[in-house]
Amino acid sequence: MAREQQVAQAFVELADTLVAGFDVIDFLHLLTQRCVQLLDVDAAGLLLADGRGRLELMAASTEQARLLELFQLQNEEGPCLDCYHTRAPVACADLGTAGDRWPRFAEAARAAGFTAVQALPMRLRGEIIGATNLFRVAPGRLSGRALDLGQALADVATISILHERALREQQLLAEQLQTALNSRILIEQAKGVLAERRQLRMDDAFTTLRSYARNHNRPLSDVARAVTEGSPDVAELTHPTHPSQRPGTE
Amino acid sequence: MACANATRVSEVALSVRGPDGHEPVYAMGQLGERLEELQFTLGEGPCVDALTSGGPVLAADLSSPNSLRRWPYFAIDAAAGAGGIFAFPLQAGAVQVGVLALYRAQERPLDAEEFADALVFADAALVLLLDAKAGIAPDASTWPADGLSERRAELHQATGMLSVQLQIGIEGALLRLRAYAFAHDRRIADVAREVVARRLRFAPESSLTGDS
């Protein structure tokens, strides 16, 4: 059946996008377009929560300004906001009878020509990252199959975004860990330098290093590096002078 | 080649630290060659940062806003040919001898396995470079047992001590330590332990004194 082929094709296409090279906006835009095509709705938008839990529009099936505004309004009220907070699908079959559920949003949606709305959560296990927003001109609810398909598309979007985020964070963590490991080596080298210069035990060398860093309000690894380089600005640390040892007082 | 295959990147390049910054030493192909030269000329890029920050710099997407902000001149030019660069400093604390750079045509981050493999190759490259400087011929039978990836504290403490005893820099001290271990057919970890326990001292003018 042509319809099922379309659905299959859409998923293959989305999967291809994921593997080739991930551009988030490009991918989400494609997703909204497929929503419109496959779910029998007239417009679709994808909103993601920023760090503070505000929903921001990431992609929409149409770039018409008025419609974009409609999506963005949902930062303050609307099905998407409710969906994000309840973590469950939220729908309204006829915004004309919505009453005071979302007064501003309902008015704006009807002014834009839409009568029905459906929001689907973008969620994976415990984490919810945003919501998919579907609009219809004609009143009514989406069929069970359309809802399932819509949720599946939303799930694909969620997985790919979280995966991309995890990879980015992983990269950052990996960088930081390796840098920290190298700092540790630097400190061991500095301990050796101090231990030899001042004939200290290794643990005393470390304490000396650390005290100096704290007293001078400098990062420990900075001081360690300066010590290994024989830098004059840590001379007090590497070549402490006592009155009896001052040069020329033999 | 093995590194490129294991980490699934397009090309690999190696550069060593010279007096004017890092200098390209080896590049698998034209892309790596061009980008190494570019970083050297501009004095900016992931390889440069890897040395100054003392840790790997993983720039999976050179066209991202983050990359463009970090390396305004380099990223624009580089993004034309490469998707991402992963730069691994060849280092042990204060000793930095160069950078291993992995170039990928696509903008895809290194996964955990590829990253781990890259670290292994970076360690191997570090050991090979150090041995070359110390005049030790590459010998498959002793490597990687004495690789610096063991990261034993004593080894690095001994290096610090040696740099004072010999009045040379940390890198020189490490080279001397390795050369001594090689010449006496001893494990470097054992030599380090002797040094830290003050049973073995080094003196300038390449004369070595043991505690007698």
>> Ignoring hydrogens, what is the shortest heavy-atom contact between A:Thr228 and B:Ala94? Give both atom names and the distance.
In response: OG1-CB, 3.4 Å
> What residue, out of B:Leu162, B:Val57, B:Thr159, has the most heavy-atom pairs lying under 4.5 Å from chain A?
Replying inline: B:Val57
>> Looking at chain A, which one of B:Ser53, B:Pro56, B:Gly55 has the largest number of heavy-atom pairs inside 4.5 Å, strictly under?
In response: B:Pro56
>> For chain B, which candidate among A:Lys191, A:Glu196, A:Met202, A:Arg197 shows the most heavy-atom pairs at distances under 4.5 Å?
In response: A:Glu196
>> As a quick check of understanding, evaluate side-chain contact (heavy atoms from CB on, under 4.5 Å) for B:Arg198 and A:Gln199, giving each step before the final call.
In response: CA-CA 10 Å; B:Arg198 297 177 200 267; A:Gln199 294 298 300; 3.3 Å; yes
> Which region of A:Ala190, side chain (C-beta onward) or backbone (N, CA, C, O), has a non-hydrogen atom less than 4.5 Å from a non-hydrogen atom of chain B, or is it both or neither?
Replying inline: neither
>> Once rounded to the nearest 0.5 Å, what's the spacing between atom CG of A:Leu177 and atom CZ of B:Phe115?
In response: 7.5 Å
> Quick one: NE2 on B:His156 to CG on A:Leu186, what's the gap to the nearest 0.5 Å?
Replying inline: 10.5 Å
If only atom types and distance count, is the side chain of [X] paired as donor or acceptor with the main-chain N or O of [Y] below 3.5 Å?
X	Y	result
A:Gln171	B:Ala60	no
A:Asn182	B:Gly93	yes
A:Glu175	B:Leu58	yes

>> Surrounding CD of A:Gln176 (heavy atoms of other residues, nucleotides or ligands, distance under 6.0 Å), is the total greater than 12?
In response: yes
> Of the backbone (N, CA, C, O) and the side chain (C-beta and beyond), which part of B:Phe88 lies under 4.5 Å from a heavy atom of chain A, both, or neither?
Replying inline: neither
>> For B:Val195, which atoms come within 4.5 Å of any heavy atom of chain A: side chain, backbone, both, or neither?
In response: neither
>> Quick one, B:Ile170 and A:Val193 - any side-chain contact, counting heavy atoms below 4.5 Å?
In response: yes
> Between A:Gln189 and B:Val95, does a side-chain contact (heavy atoms from CB on, under 4.5 Å) hold up when you go through it step by step?
Replying inline: CA-CA 10 Å; A:Gln189 289 167 343; B:Val95 179; 4.1 Å; yes
